[in-house]
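Notes to accompany the following structure.
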Amino acid sequence: MLELSGVETSYGSIQALFGMTLRADQGQVTTLLGRNGMGKTTTVSSIMGILKPHAGTIRFEGHEIQGQPAYVIAKQGLGLVPEGRQVFPNLSVRENLIATAANYSTDATPWNLERVLDFFPRLRERLDNMGSQLSGGEQQMLAIGRALMLNPKLIILDEATEGLAPLIRQEIWNRLGELKQSGLTILLIDKNIDELSRIADRHYIIEKGRVVWEGDSAALTADPELKLKYLGV
Ligand code: ATP
């Protein structure tokens, strides 16, 4: 569904991606792993049109999207849950959810406010609270809900459970598992490898802007050296 090939992206004269190559297949959970500063967010920004790669191709459903404006890319069915969640602090939960909502899919049962609130009952309880009044976990549910309101075909989560308490993290994992069951394609960045290997199909480890290892969950968990060498955990 999504395919990066030889992607190179720079910040001015500082190059961050050196030939990034990865694939996210339809209905699967794919992860992008690596220590801080290795290029995960740069990869996400390149996919989403926030940064313009100067080399390589990014294909979504077979069409090249690299270099297109972010709103054009989003319209094709790519949803982003950004690092740091970035919910609007002075909008209510309801306003956060409907402010950017759109249905770009042809799905017979699209995501709408009711469906998101059924999916995250906690958000229903907080519907009239401001974004700034939410806990980290609630903000993450809101950020995921906001992305779902765009009815994406593929959703990218940058630092999906960063800084969240174990119980909340568990709830987010369970919800992501349900989204996978429903057929959504997911690209996930996270550091909680043991937990995410339960729901993920394929993993890419990146170092200094390029892929240094790829494999399935069984291969990842079978090799503790990998974690020590590339992830520092
Ligand atoms: P983290 O988990 O810390 O966000 P990351 O793997 O997402 O790490 P990136 O944020 O993609 O890493 O950063 C990749 C490289 O690009 C790093 O060397 C970083 O210093 C550099 N970089 C990131 N943002 C900028 C920027 N705005 N200007 C210059 N260099 C940047």
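We count ligands from 1, going down the list as the structure has it; atoms in each ligand are counted the same way.
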Hey, can you pull the donor-acceptor pairs under 3.5 Å for the side chains in residues 140-156, sequence neighbours left out?
from   : atom 1 : to     : atom 2 : distance (Å)
Gln140 : OE1    : Arg85  : NE     : 3.3
Gln140 : NE2    : Ala160 : O      : 2.6
Arg146 : NH1    : Gln86  : O      : 2.9
Arg146 : NH2    : Arg85  : O      : 2.9
Arg146 : NH2    : Gln86  : O      : 3.1
Asn151 : OD1    : Trp111 : N      : 2.5
Asn151 : ND2    : Trp111 : O      : 3.1
Lys153 : NZ     : Glu61  : OE1    : 2.9

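The local environment of CZ in Arg23 is sparse, with at most 12 non-hydrogen atoms from other residues, nucleotides or ligands closer than 6.0 Å.
Residues Val7 and Leu33 are members of separate hydrophobic clusters, defined by side-chain heavy-atom contacts under 4.5 angstrom among Ile, Leu, Val, Met, Phe, Trp and Tyr.
A side-chain donor-acceptor contact under 3.5 Å links Thr9 and Ser46.
Residues satisfying the side-chain contact (heavy atoms from CB on, under 4.5 Å) test with Ile199, not counting sequence neighbours, are Trp173, Leu176, Leu188.
Within the hydrophobic cluster formed by Ile, Leu, Val, Met, Phe, Trp and Tyr side chains joined at under 4.5 Å, directly or through other members, Leu51 is accompanied by Tyr11.
Protein residues having at least one heavy atom under 4.0 Å from any atom of ligand 1 are Tyr11, Ala16, Arg35, Asn36, Gly37, Met38, Gly39, Lys40, Thr41, Thr42, Glu83, Glu159, listed by chain and number.
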